[in-house]
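Accompanying notes for the structure given below.
Worth saying up front: this structure is predicted, and the values here are computed from it rather than measured.
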Amino acid sequence: MVELPVLELRNNRRLGWLTLGVSVPALALGLWAGSAPALFAGAVALFVGLWNLLDRRVKLRVDEVGILYARWGETPVQWSEIAGFETKKLRGVEQVAIVPRDPELLLQRMTAPQRLASRLASLGWRSRFVLSTAGLERGTADLLALLRAYHAARTAPERR
């Protein structure tokens with residue numbers, strides 16, 4: 001059997017620092033000008049930036065079992081449940097979408113809020129199973145190559 005690396009992705013710390021960098025001037029402007037919208041935007045950016053820096057839980061794990069994506073619940077999607085992968089583009093942003101063999105089976109495993117989020121994702125991305133790489137440590141092309149390599153290795157018939 002082919003040995004492939006385990007991939008664990010967390011929030012992107014660069015994005016956290018960038019968001020904090022935006023929050024400080026927005027808060028200063030809000031305080032200086034007495035602008036409630038600037039204060040609100042700065043406070044939200046501060047919260048999001050700190051969250052990205054401090055939340056080090058694994059958001060996406062790819063291993064020999066399958067794909068564990070935090071937004072889809074606590075049960076990994078096994079390689080045998082995946083027919084393939086495709087990229088989806090929305091307003092110039094490209095993401096990876098899995099093509100499940102049985103979409104209803106995956107939806108049944110999700111909680112009600114996760115199913116709702118999946119439904120909302122399908123409105124824009126035209127797929128209910130999008131792996132958003134926007135806030136993660138690796139990009140779309142890198143992740144797609146690894147997913148395809150894993151899928152090929154884990155779903156290929158055993159050779160004797």
Side-chain angles (χ1 to χ4, degrees), residues 1-20 22 41 43-160:
M1 186 170 276
V2 177
E3 287 297 319
L4 293 169
V6 172
L7 175 69
E8 289 186 341
L9 296 180
R10 292 166 174 77
N11 285 335
N12 187 337
R13 286 194 169 183
R14 285 185 191 164
L15 184 61
W17 285 113
L18 178 67
T19 308
L20 282 178
V22 169
V44 169
L46 179 68
F47 175 77
V48 170
L50 287 172
W51 183 269
N52 276 325
L53 286 173
L54 300 175
D55 182 15
R56 301 313 297 156
R57 293 176 295 175
V58 173
K59 304 302 179 204
L60 176 67
R61 180 181 169 87
V62 180
D63 60 19
E64 65 280 346
V65 174
I67 300 169
L68 180 61
Y69 186 48
R71 293 183 183 179
W72 295 347
E74 308 226 353
T75 305
V77 178
Q78 297 180 12
W79 295 111
S80 60
E81 297 176 303
I82 299 171
F85 301 93
E86 56 190 23
T87 55
K88 296 287 185 175
K89 202 171 215 174
L90 179 65
R91 294 186 193 108
V93 176
E94 193 172 62
Q95 302 291 357
V96 176
I98 69 164
V99 179
R101 294 186 194 282
D102 184 357
E104 289 305 313
L105 180 66
L106 298 185
L107 287 171
Q108 288 173 6
R109 287 192 239 168
M110 293 180 181
T111 64
Q114 290 166 337
R115 281 192 300 273
L116 176 62
S118 173
R119 177 69 182 125
L120 293 174
S122 72
L123 297 176
W125 293 102
R126 306 283 188 251
S127 174
R128 293 191 82 157
F129 305 102
V130 174
L131 295 168
S132 177
T133 58
L136 298 177
E137 298 166 320
R138 289 241 182 122
T140 301
D142 191 23
L143 179 61
L144 183 61
L146 182 73
L147 290 173
R148 285 184 172 156
Y150 251 112
H151 188 256
R154 296 297 178 244
T155 58
E158 292 282 330
R159 295 187 185 162
R160 296 179 187 225

Using side-chain heavy atoms (C-beta onward) and a distance below 4.5 Å, is L107 in contact with F129? yes

Shortest non-hydrogen separation from E94 to T140 and the atoms involved: O-OG1, 2.8 Å

Quick one: closest heavy-atom pair of L131 and W72, and the distance? CD2-CH2, 3.5 Å

Taking only residues two or more places apart in sequence, or in another chain, which ones meet R119 in a salt bridge (charged side-chain N to carboxylate O under 4.0 Å, His left out)? none

How close do L105 and E81 get, heavy atom to heavy atom, and via which atoms? CD2-OE2, 3.4 Å

Residue pairs involving residues 60-69 (criterion salt bridge (Lys or Arg N to Asp or Glu O under 4.0 Å); sequence neighbours excluded): E8-R61, R61-D63

Closest non-hydrogen contact found for R71 with Q114 is O-CG, 3.5 Å

Nearest 0.5 Å, what's the CZ-CG distance between R56 and L54? 9.0 Å

Go through the structure and list residues passing side chain to side chain contact (heavy atoms under 4.5 Å, CB included) with L116, not counting sequence neighbours. L120

Residue pair V99 / I82, side-chain heavy-atom distance below 4.5 Å: no

With R91, which residues qualify under side chain to side chain donor-acceptor pair (under 3.5 Å), at least two apart? none

Rounded to the nearest 0.5 Å, what's the gap from CG on L106 to CD1 on I98? Could you check? 5.5 Å

Work out which heavy atom in S127 is nearest to a heavy atom in K88; give both atom names and the distance. CB-CE, 3.9 Å

Measuring only between side-chain heavy atoms, which start at C-beta, is V62 closer than 4.5 Å to V6? no

CG-CZ distance between L18 and R13, expressed to the nearest 0.5 angstrom: 15.5 Å

Rounded to the nearest 0.5 Å, how far does OH of Y69 lie from CG of L9? 10.0 Å

Within the 3.5 Å criterion, strictly below it, is a donor on T87 or Q95 matched to an acceptor on the partner's side chain? no

Beyond-backbone contact of L60 with L143, side-chain heavy atoms, under 4.5 angstrom: yes

Strictly by ring-ring contact (aromatic ring centres under 6.0 Å, His included), give each pair with a member in residues 76-98 just once, sequence neighbours left out. W79-Y150, F85-H151

Quick check for you: to the nearest 0.5 Å, what is the distance between R14 atom CZ and N11 atom CG? 14.5 Å

Just by distance, no angles: are the side chains of S122 and R128 close enough, under 3.5 Å, to form a donor-acceptor pair? no

If you look at every heavy atom in G16 and N52, which pair is closest and at what distance? CA-CB, 3.6 Å

Euclidean distance, Q108 CD relative to T75 OG1, rounded to 0.5 Å: 12.0 Å

Set of residues satisfying salt bridge (charged side-chain N to carboxylate O under 4.0 Å, His left out) with respect to D55, sequence neighbours excluded: R57, K59

